[in-house]
Amino acid sequence: MKSIVLRSNLIIHLFALAHVAIVLLFAVLGISDEIALTCLTVLMIILVAYTCRLPLDIAAVVALLFCFAGFFMGTKGAEWLTFLTQNYPSYLPNIICTFLTTEILGWSTYFIARRLKNGNPENSIEE
């Protein structure tokens, strides 16, 4: 169990940093980052679900739902943060929102997987 938590922790934090790197890179290049961030989010969710041995069909549903949620949280959160960070670089709200959204979605995936596995003793997470 400890190994699964550590692997999930590593996956989630590395993907949060990768999301931030994409936001920065695409901001410098002046390119829209939605497609790249969506692909990274789906990959993170699938990897966390795979690490927790969640069935692929459930992982796919979680990934689909969380992509919509992530897009909404990221765009609306960045709009809200823009008011608080007016004296800072324009990409700062996007960085903050992207990092926090990725962490929330990653850990939500982990806790959903853990909850589903713990609810069915035949599929309990074991190492």
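Quantities reported herein were computed from a predicted structural model and do not represent experimental measurements.
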Starting at CE of M73, measure out to CZ of F66 and round the result to the nearest 0.5 Å. 9.0 Å
Evaluate whether atom CD1 of I35 has more than 12 neighbouring non-hydrogen atoms of other residues, nucleotides or ligands under 6.0 angstrom away. no
Decide whether Y110 and L10 are clustered together by the hydrophobic rule: side chain heavy atoms of Ile, Leu, Val, Met, Phe, Trp, Tyr closer than 4.5 Å, transitively. no
Approximate separation, where rounding is to 0.5 Å, of N94 CG and D33 CG: 6.5 Å
Shortest non-hydrogen contact between V42 and C67, atoms and distance: CG2-SG, 3.2 Å
Shared hydrophobic cluster for V23 and L25 (ILVMFWY, side-chain gaps under 4.5 Å): yes
Nearest 0.5 Å, please: how far is CZ in R53 from CD1 in I4? 4.5 Å
Please indicate whether F26 has more than 12 foreign heavy atoms, meaning atoms of other residues, nucleotides or ligands, lying under 6.0 Å from its CZ. yes
Hey, what do you get for CZ (F15) to OG1 (T98), rounding to the nearest 0.5 Å? 14.5 Å
S108 versus I104, closest heavy-atom pair with distance: OG-O, 2.7 Å
Would you please classify the geometry between the F111 ring and the W107 ring as parallel, tilted or perpendicular, with 30° and 60° separating the classes? tilted
Rounded to the nearest 0.5 Å, what separates atom CZ in F71 from atom NZ in K76? 9.0 Å
Under 4.5 Å between side-chain heavy atoms, counting indirect links through other Ile/Leu/Val/Met/Phe/Trp/Tyr residues: same cluster for L65 and F72 or not? no
Are I95 and L29 co-members of a hydrophobic cluster defined by side-chain heavy atoms under 4.5 Å apart? yes
I'd like to know if I31 and L40 are part of one continuous hydrophobic network [Ile/Leu/Val/Met/Phe/Trp/Tyr, side-chain heavy atoms within less than 4.5 Å]. yes
Apply the side-chain contact (heavy atoms from CB on, under 4.5 Å) test between I11 and each candidate in T109, L6, V48; give the one that qualifies. V48
Just how far is it from atom CG of L100 to atom CG of L105, taken to the nearest 0.5 Å? 11.0 Å
Which heavy-atom pair separates I45 from A59 by the least distance, and what is that distance? CG2-O, 4.1 Å
Do you know the tightest heavy-atom contact between L37 and I22? CD2-CG2, 3.8 Å
Is the number of heavy atoms from other residues, nucleotides or ligands under 6.0 Å of F99 CZ greater than 12? yes
Heavy-atom pair with the smallest gap, counting every atom of S8 and T51: OG-CG2, 3.8 Å
Of all the heavy-atom pairs spanning C97 and A78, show the shortest one and how long it is. SG-N, 3.1 Å
Listed once per pair and sorted, the side chain to side chain donor-acceptor pair (under 3.5 Å) pairs that draw on residues 12-27, sequence neighbours left out: N9-H13, H13-E103, H19-T41
